[in-house]
Amino acid sequence: MDKNPSGEDNDDIDWDTEDELEIQDTVFSSCTNLRTTGQHVVCSSNGEASSSSVPFQSSKFIQQFVVMGFTEESIAKAIEQNGENSDLVLDALLTFKALDDSPEEQPSTSPQLEPSISSDDSFSEYNENILDDVYEEDSWSSDSDNCINPVGRCYLNDEGSSLSGNEKTLLFLANMGYPEEEGSIAMKRCGPEASLPELVDFICAAQLARAEDPYLPEDVKPKLKHILNDFGGYKKRKMYNGLCKRKKPREISAEEETIRLPKPMIGFGVPTEPVPTMVQRFLPKKTIGPPFFYYENVALAPKGVWDTIKRFLYEIEPEFVDSRYFSATQRKRGYLHNLPIENRFPLFPLPPRTIHEALPLSKKWWPSWDTRTKLNCLQTAIGSAKLTDKIRKAVEKYDDEPPLEVQKYVLYQCKKWNLVWVGRNKVAPLEPDEVEMLLGFPKNHTRGGGISRTDRYKSLGNSFQVDTVAYHLSVLKDLFPDGINVLSLFSGIGGGEVALYRLGIRLNNVVSVEKSEANRNIVRSWWEQTNQRGNLIHFDDVQLLSRDCLEKLIGSFGGFDMVIGGSPCNNLAGSNRVSRDGLEGKESSLFFDYVRILDDVKSIMSRHR
DNA sequence: TCGAGGATGACGAATAGA
DNA sequence: TCTATTCGTCATCCTCGA
């Protein structure tokens with residue numbers, strides 16, 4: 001692999017070497033808007049907001065579809081028909097795409113599809129039953145070269161399309177290479193509420209079952225290579241770029257659900273606990289070795305979420321770990337990765353593992369009836385001053401220990417908001433720098449640079465626990481003695497980068513994708529303060545990382561050694577009372593961009609080898 | 001005085017485990 | 001059945017600078 005030649009010992013490095021310029025030029029050509037700051041490059045989707053070294057060729061409205069992979073001709077046509085209405089234009093573009101991909105299967109004129117429907121008794125019966133159903137699922141189009149990713153949009157059966165919902169579903173299944181008969185059977189078996197991914201799941205499962213049936217004649221077995229993609233995953237994963245926005249997530253039955261949270265939650269092992277006796281670790285052959293990937297999200301997600309994540313990430317078993325075994329705060333997270341698990345080592349010095357070790361000044365004021373030794377999960381919001389005042393008034397009425405009822409109330413609030421004792425009868429939320437310390441970040445990592453206190457809590461609450469992640473990533477140190485090229489998705493405040501740096505793994509090239517400008521500034525500032533000698537390239541939107549863009553980045557670096565990231569948990573987190581919609585939620589559906597990008601990286605790199 | 005941005009506080013349910 | 005926990009959201013209020 002072509003690593004960045006910049007030596008760690010060379011202090012006189014020239015950031016404008018031909019290599020650096022080549023990288024910058026390459027990225028320039030694939031981004032809609034760029035700024036450069038020495039070795040730091042920013043690729044932004046906001047083409048109108050800032051100057052660009054590349055002429056902005058089309059309006060932002062058009063550009064959003066260009067990024068998705070549609071041609072400007074088709075976009076123009078769609079706009080002409082629908083005006084500048086994003087949903088209608090996207091709907092039209094998807095219809096164009098579907099029709100273009102299989103012109104012989106256009107339902108209105110197709111001699112193949114329609115006869116098939118009408119001649120299939122079972123489907124006809126089904127079709128009559130659900131004729132009035134409105135198709136409210138997102139759909140997507142697939143192309144081997146272009147990634148089309150209408151995340152968060154609905155594919156409605158409106159005037160812009162002449163196809164019924166059922167016909168569209170069948171057409172998409174046909175475009176994906178599934179026989180019409182199987183598509184119609186799946187639609188019947190899965191029911192009228194079934195989404196396209198569910199139908200694909202059903203077909204894949206049926207094909208796999210038939211392929212592995214020893215009693216079935218070979219000539220009627222489906223070809224496995226048509227079912228599995230290059231990496232052992234189901235073919236449909238490539239198609240699962242966008243997701244429907246369903247009002248009610250599909251319930252996973254007890255039979256379907258396979259993932260259980262381990263107890264104790266120590267994954268494949270932690271430094272401070274005995275190694276679990278039965279560690280089952282199966283990696284599909286195609287996932288072994290680089291590029292390594294590391295995906296993170298909340299462990300306590302709605303039922304079935306981790307089953308879905310596992311299904312889309314090569315059926316690898318996730319590793320659930322509570323950061324309480326690494327620090328003084330709990331953080332129950334699932335990590336799904338293809339890293340080796342032997343010879344891990346922790347970061348030194350080992351972080352404090354109790355509240356009193358982490359916050360020694362609090363010990364003096366800590367009442368004996370508050371038996372906490374660990375903090376709960378650090379979240380994005382903190383307790384209010386009003387609440388701490390209420391607690392003070394409740395406790396100071398009593399010279400001695402307050403009655404049990406008061407103790408119970410105070411403890412409930414302290415646990416809920418992670419309040420700590422900072423004076424006689426006085427509790428307070430953690431300061432941002434204390435949160436930084438508990439999560440393994442350097443002091444003042446998020447301080448200054450224009451970020452508000454509220455946003456610091458938010459960014460920290462959304463980040464990795466560095467010691468936990470570093471323990472998992474530690475196996476990379478021996479594998480990449482010359483440094484590593486990292487694609488960091490949903491980087492946040494750079495937890496992955498900080499972990500690698502603290503492990504002593506040199507960061508040669510880091511492509512970091514992060515929506516929040518404040519977070520990008522934090523990572524850039526950390527990059528500069530730690531005198532990183534590699535290249536940091538920032539993107540502000542995962543959807544900018546098209547296959548074409550990834551091809552160019554990989555061509556420049558020689559490939560990514562690591563794809564790391566935790567997609568948004570907003571719609572998975574238990575604290576969300578408003579929109580806990582699962583992986584189909586507005587933000588959390590970006591998980592499928594992680595899958596798409598990882599698939600693309602693996603695919604491109606397999607061709608480069 | 002006004003607007004922008006930060007701070008505050010009210011808002012349960014899903015899930016696991018005892 | 002009960003208890004404990006949870007990388008959150010959003011309307012409103014407050015602060016500050018022009």
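A, B, ... follow the sequence lines: proteins, then strands. Residue 1 opens every chain.
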Participant: Residues of residues 452-463 of chain A with any non-hydrogen atom less than 4.0 angstrom from an atom of DNA chain B: list those, numerically ordered, please.
Facilitator: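 By residue number: A:Ser452, A:Arg453, A:Thr454.
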Participant: Is it true that A:Glu514 and A:Arg520 make a salt bridge, defined as a side-chain N closer than 4.0 Å to a carboxylate O?
Facilitator: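 Result for this pair is no, no salt bridge flagged.
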Participant: Answer yes or no: is there an ion pair linking A:Glu436 with A:Arg456, defined by an N-O contact shorter than 4.0 Å?
Facilitator: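 Here A:Glu436 pairs with A:Arg456 in a salt bridge, since their nearest N and O are under 4.0 Å apart.
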Participant: With a cut-off of 3.5 Å and sequence neighbours excluded, list every side-chain donor-acceptor pair involving residues 359-368 of chain A.
Facilitator:
| unit_1 | atom_1 | unit_2 | atom_2 | d |
| --- | --- | --- | --- | --- |
| A:Ser362 | OG | A:Leu359 | O | 2.7 |
| A:Trp366 | NE1 | A:Asp370 | O | 2.9 |
| A:Ser368 | OG | A:Glu401 | OE2 | 3.1 |

Participant: Scan A:Ser323 against the nucleic acid and name what it touches under 4.0 Å (heavy atoms): base, sugar-phosphate only, or nothing.
Facilitator: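 It contacts nothing in the nucleic acid.
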Participant: Between A:Lys515 and A:Asp540, does at least one N-O distance fall below 4.0 Å, as a salt bridge requires?
Facilitator: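 Looking at A:Asp540 together with A:Lys515, the answer is no, because their closest N to O distance does not fall below 4.0 Å.
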Participant: Between atom CZ in A:Phe320 and atom P in B:dG17, what is the gap in whole Å?
Facilitator: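 My rounded result for the distance is 11 Å.
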Participant: For DNA chain C, what residues of residues 435-444 of chain A have any heavy atom nearer than 4.0 Å?
Facilitator: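 Output list: empty, so none.
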Participant: Do the side chain of A:Tyr335 and the main chain of A:Asn297 share a donor and acceptor less than 3.5 angstrom apart?
Facilitator: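 Here the side-chain-to-backbone pair does not exist.
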Participant: Could you check A:Ser463, A:Ser512, A:Ser516 and say which one makes a side chain to side chain donor-acceptor pair (under 3.5 Å) with A:Ser491?
Facilitator: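 Among A:Ser463, A:Ser512, A:Ser516, the one meeting side chain to side chain donor-acceptor pair (under 3.5 Å) with A:Ser491 is A:Ser512.
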Participant: Specify the separation, in whole Å, of atom CD of A:Gln330 and atom C1' of B:dT15.
Facilitator: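 So the two atoms are 15 Å apart, to the nearest Å.
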Participant: With a strict under 4.0 Å distance from non-hydrogen atoms of chain A, what nucleotide opens and what nucleotide closes the contacted stretch of DNA chain C, reading 5' to 3'?
Facilitator: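 Range of nucleotides within reach of chain A: C:dT5 to C:dT9.
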Participant: Take A:Val578 and A:Pro302, find for each the nucleotide of DNA chain B with the closest heavy atom, and name the residue whose nucleotide sits nearer the 5' end.
Facilitator: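 The answer here is A:Val578.
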Participant: May I ask you to say whether A:Asp389 pairs ionically with A:Arg392, meaning some side-chain N is under 4.0 Å from a carboxylate O?
Facilitator: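 Salt bridge between A:Asp389 and A:Arg392, a charged N being under 4.0 Å from a carboxylate O: yes.
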Participant: Output the rounded distance in Å from NZ (A:Lys332) to P (B:dA16).
Facilitator: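 To the nearest whole Å, that distance equals 12 Å.
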Participant: Counting only heavy atoms not in A:Lys416, do more than 12 fall under 6.0 Å of its NZ?
Facilitator: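 Yes, NZ of A:Lys416 has more than 12 neighbouring heavy atoms, counting only those of other groups under 6.0 Å.
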Participant: Roughly, in whole Å, what's the span from CG in A:Leu300 to C1' in B:dG12?
Facilitator: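 So the two atoms are 16 Å apart, to the nearest Å.
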Participant: In this structure, which stretches of DNA chain B are paired as stems of three or more consecutive Watson-Crick or G-U pairs, both distances less than 3.5 Å?
Facilitator: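 So the stems come out as B:1-11 with C:8-18, B:13-18 with C:1-6.
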Participant: Could you tell me whether the side chains of A:Ser323 and A:Arg331 share a donor-acceptor contact shorter than 3.5 Å?
Facilitator: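 Distance-only check fails for A:Ser323 and A:Arg331.
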Participant: Could A:Arg281 and A:Glu317 be called an ion pair, given the rule that one side-chain N must be under 4.0 Å from one carboxylate O?
Facilitator: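 No, this pair does not count.
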Participant: Write down the distance between CG (A:Asn376) and C1' (B:dT15), rounded to a whole number of angstrom.
Facilitator: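 Spelled out: CG on A:Asn376 to C1' on B:dT15 is 15 Å.
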Participant: Select from A:Lys416 and A:Asn570 the residue whose nearest nucleotide in DNA chain C is closer to the 5' end of that strand.
Facilitator: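 Nearest nucleotide further toward 5': that of A:Lys416.
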Participant: Please walk me through it: do A:Lys477 and A:Phe345 pass side-chain contact (heavy atoms from CB on, under 4.5 Å)?
Facilitator: CA-CA 10 Å; A:Lys477 184 157 187 176; A:Phe345 60 88; 4.0 Å; yes
Participant: Counting only non-hydrogen atoms, which of residues 380-388 of chain A are less than 4.0 Å from DNA chain B?
Facilitator: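 When residues 380-388 of chain A is checked for heavy atoms under 4.0 Å from DNA chain B, the hits, listed by number, are A:Ser384, A:Ala385, A:Lys386.
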Participant: Provide the distance between the two C1' atoms, one in C:dA4 and one in B:dG12, to the nearest whole Å.
Facilitator: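 It works out to 14 Å between them.
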Participant: Walk me through it: do A:Arg344 and A:Glu319 pass the test salt bridge (Lys or Arg N to Asp or Glu O under 4.0 Å)?
Facilitator: CA-CA 14 Å; A:Arg344 290 168 162 178; A:Glu319 176 174 17; 2.8 Å; yes
Participant: Rounding to a whole Å, what distance do you find between A:Asn297:CG and B:dT15:C1'?
Facilitator: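 Going from CG in A:Asn297 over to C1' in B:dT15 covers 16 Å.
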Participant: Applying ring-ring contact (aromatic ring centres under 6.0 Å, His included) between A:Tyr295 and each of A:Phe592, A:Tyr314, A:Phe591, A:Phe490, report the one that passes.
Facilitator: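 Testing each of A:Phe592, A:Tyr314, A:Phe591, A:Phe490 against A:Tyr295, the sole residue satisfying ring-ring contact (aromatic ring centres under 6.0 Å, His included) is A:Phe591.
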Participant: Counting heavy atoms not belonging to A:Tyr501, are there more than 12 under 6.0 Å from its OH?
Facilitator: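 Not more than 12 within 6.0 Å, no.
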Participant: Do we get A:Lys390 above A:Tyr409's six-membered ring, with its NZ or CZ under 6.0 Å from the centre and within 45° of the axis?
Facilitator: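 No - A:Lys390 does not lie over the ring of A:Tyr409 by the 6.0 Å and 45° rule.
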Participant: Are any side-chain N or O atoms of A:Asn418 and backbone N or O atoms of A:Cys377, one a donor and one an acceptor, separated by less than 3.5 Å?
Facilitator: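 Yes.
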Participant: In whole Å, I'd like the distance from the CG atom of A:Asp389 to the C1' atom of B:dG9.
Facilitator: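 Taking CG of A:Asp389 and C1' of B:dG9, I get 14 Å after rounding.
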